[in-house]
2 protein chains.
Amino acid sequence: MSNAKLPDEPAPRMSEHRAADAMVAEIEQDIVTGKLANGSPLPPERDLMGRFGISRTVVREAIATLTTRGLLESKPRYRPIVRSPGYDAAFSAVGGVVMHLLKQNNGVKTLYDVRIFLEASLVRHAALHARKDDIVALREALERNHAAIHDPVEFDNTDVAFHAVFYAIPGNPVFPAVHRAFVSWLFEHWQSMNRSVEQNLIYYAGHKAIFDAIIDRDPEAAEKALLSHLGEAWETVRGTF
Amino acid sequence: MSNAKLPDEPAPRMSEHRAADAMVAEIEQDIVTGKLANGSPLPPERDLMGRFGISRTVVREAIATLTTRGLLESKPRYRPIVRSPGYDAAFSAVGGVVMHLLKQNNGVKTLYDVRIFLEASLVRHAALHARKDDIVALREALERNHAAIHDPVEFDNTDVAFHAVFYAIPGNPVFPAVHRAFVSWLFEHWQSMNRSVEQNLIYYAGHKAIFDAIIDRDPEAAEKALLSHLGEAWETVRGTF
DNA sequence: TATTATTTTTGGTACGACCAAACTTTGTAA
DNA sequence: TTACAAAGTTTGGTCGTACCAAAAATAATA
């Protein structure tokens, strides 16, 4: 809430100053300007403390800050890796909180409902605005899904991939990122359930119904099919937590 | 040298272990179980280091971790405040990354488009499913907006409040949180522009058109009105960055 | 009782040190 | 010459101590 401090010049404010801010700001610049290439490791902490004239304590704090901002990716014993900010980074930053939210009352259902709402809008959008290549992508995804009906693992993958197409159609990079976030948050909750072939057939039928409605350019039917499909899916997994 | 030999842990398990993890896990528990009440301050760092048998360095690192997870809210010179995880916390956790994303190519437009997409779906939903009290809330928000046409600051507030109603109608706590996030991310980019009364009249007319469509239970008209309204708004602010 | 001065607490930062894991270089055998 | 293992060198993780200044708490005063 009140911690939205923009990286502005610290001229007027003073008491709000943190020693790590200087390094954070500069490294931030180096990353967005490409001076620090994406994927490259951050210089050693001992170098940084020399470069900025700060103690290692502060260097490490700065690194922590940059990590939470998604500009660095740091693993336990390794050098932090530079990451240019992206939409996926944004969502992965919330992973920690979301885990708690999912555990509390109706947390999973609440998030699943959001997914339903969004995806219903997306299929409606697809029915209205999907272009030829979008349709092709959908058809191919559907066929791959059909071909994997007897392969539990692959069916899940093609299932996710089919839905992913809808998130890609608007052409806005936020939606695919949202989808990946949904998958990573929700899927693992019922990942272990053993799908039967009959189950897969039902799911595939759901996908097919959505696809057909898209072909027919019928947003109402598409939305209805999607709602039905996701409703079924929920019923089969609601007991797994 | 003369340092007393600390009892080496006889069970140094896997190498993936971080010293701060123990404290993070325990405090996490204390927060979700309410042992640490929401809004209360975290115990002093020096107490924590005694309680967990770790150095202050590690205590501070644990605090940083808990902060990024949205379980603590720490201001520069003050004690961290306990915050039970909520959907708003999730979004504020991404604030840092989003700032960067907004600065890059079309960042604001990309996010604004998402807002348009979502809000279009929300007004459509409202047209179809709004209940009496939802309509009442909308009407009251609209009236307050009308009454504030000559008050630039208050007009902005009532503007936001009117749109907020749509995010509240589905009854899913995620949507209001999304709305607040949108506002905090997008609004400040054009907050400073001086609205004229004529401008406000146009905006109010947009709100009114949406409201009327809701009353008519006409989702198509509602969506169209919303699109038109947000399109106008975009045109007036697109130059401010 | 309200205000202000004073003491104590506590977070922010610095230094220095040590360990163990990761990274390099070197040495040796095939 | 090459492959691989041993030895040496970074470098991140953690600890401990110390000091300062800003909060918080307490005492003094109008």
Side-chain angles (χ1 to χ4, degrees), chain A residues 2-3 5 7 10 12-27 31 36-37 39-69 71-83, chain B residues 1-27 36-37 39-68 71-83:
Chain A
S2 62
N3 62 348
K5 198 77 255 157
R13 309 272 179 277
M14 30 62 66
S15 61
E16 285 292 342
H17 173 270
R18 268 209 248 267
D21 290 348
M23 172 175 158
V24 169
E26 191 161 324
I27 298 293
I31 293 179
L36 276 174
S40 65
L42 197 69
E45 298 178 357
R46 286 166 176 85
D47 290 11
L48 271 343
M49 55 187 286
R51 173 172 158 195
F52 294 99
I54 53 182
S55 71
R56 196 135 89 89
T57 312
V58 179
V59 169
R60 304 188 103 259
E61 190 188 310
I63 291 175
T65 299
L66 289 165
T67 300
T68 74
R69 293 200 190 172
L71 296 170
L72 293 180
E73 181 187 325
S74 44
K75 292 180 272 278
R77 265 256 156 211
Y78 296 81
R79 303 267 284 279
I81 305 294
V82 172
R83 288 283 174 236
Chain B
M1 305 243 310
S2 60
N3 272 350
K5 181 70 89 54
L6 293 188
D8 269 342
E9 284 304 313
R13 321 205 188 314
M14 68 303 280
S15 54
E16 278 297 338
H17 177 269
R18 266 209 249 266
D21 290 349
M23 172 174 159
V24 169
E26 191 160 326
I27 297 294
L36 277 173
S40 65
L42 198 67
E45 297 178 358
R46 285 167 177 87
D47 289 11
L48 272 342
M49 56 187 286
R51 171 172 161 197
F52 294 99
I54 54 182
S55 71
R56 200 145 147 246
T57 311
V58 179
V59 170
R60 304 188 103 259
E61 190 187 310
I63 291 176
T65 299
L66 289 165
T67 300
T68 74
L71 296 170
L72 293 179
E73 181 188 325
S74 45
K75 294 182 278 274
R77 266 264 159 201
Y78 297 79
R79 303 265 284 279
I81 304 294
V82 173
R83 288 281 174 239

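Lettering follows sequence order; numbering is per chain, from 1.
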Exercise. Yes or no on side chain to side chain contact (heavy atoms under 4.5 Å, CB included) for B:Val58 and B:Met23, after CA distance, side-chain angles and deciding distance?
Worked result: CA-CA 9 Å; B:Val58 179; B:Met23 172 174 159; over 6 Å; no
Problem set entry | Derivation of the side chain to side chain contact (heavy atoms under 4.5 Å, CB included) call for A:Val24 and A:Arg69 | CA-CA 10 Å; A:Val24 169; A:Arg69 293 200 190 172; 3.9 Å; yes
For this session: Just do the side chain to side chain contact (heavy atoms under 4.5 Å, CB included) check on A:Leu42 and A:Leu48 with the steps written out, would you?
Result: CA-CA 9 Å; A:Leu42 197 69; A:Leu48 271 343; 4.2 Å; yes
Exercise. After noting the C-alpha distance and the side-chain angles of A:Ile54 and A:Val59, does the key distance pass the side chain to side chain contact (heavy atoms under 4.5 Å, CB included) rule?
Worked result: CA-CA 7 Å; A:Ile54 53 182; A:Val59 169; 3.7 Å; yes
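Atom CG of A:Leu42 and atom P of D:dT11 are 12 Å apart (whole Å). Computed from coordinates, the B:Arg79 CZ to C:dT8 C1' distance equals 13 Å when rounded to whole Å. At whole-Å resolution of the value, NZ in B:Lys75 and P in C:dT10 are 17 Å apart. Counting to the nearest Å, the P atom of C:dT10 and the CD1 atom of B:Ile81 are 14 Å from each other. One atom, CZ of A:Arg18, and another, C1' of D:dA21, lie 15 Å apart when rounded to the nearest Å. If you take CE of B:Met49 and P of D:dA18, they are 12 Å apart, rounded to a whole angstrom. In this entry the distance linking CZ of B:Arg46 with P of D:dC19 reads 13 Å, nearest Å. Look at CD on A:Glu45: it is 15 Å from P on C:dC15, rounded to the nearest Å.
Phosphate contact (OP1/OP2 of D:dT11, side-chain N/O of A:Arg77, threshold under 4.0 Å): absent.
The backbone N or O of A:Pro44 lies less than 3.5 Å from no partner atom in the side chain of A:Asp47, so there is not a single donor-acceptor pair.
Near DNA chain C, meaning a heavy atom under 4.0 Å from it, residues 53-66 of chain A has A:Ile54, A:Ser55, A:Arg56, A:Thr57, A:Val58, A:Glu61 in order of number.
Checking each of A:Leu71, A:Leu72, A:Ile27 against A:Leu36 for a side-chain contact (heavy atoms from CB on, under 4.5 Å) leaves exactly one that passes, namely A:Ile27.
When the nucleotides D:dT11, C:dC23, C:dT10 are ranked by their closest atom to the side chain of A:Tyr78, C:dC23 comes out on top.
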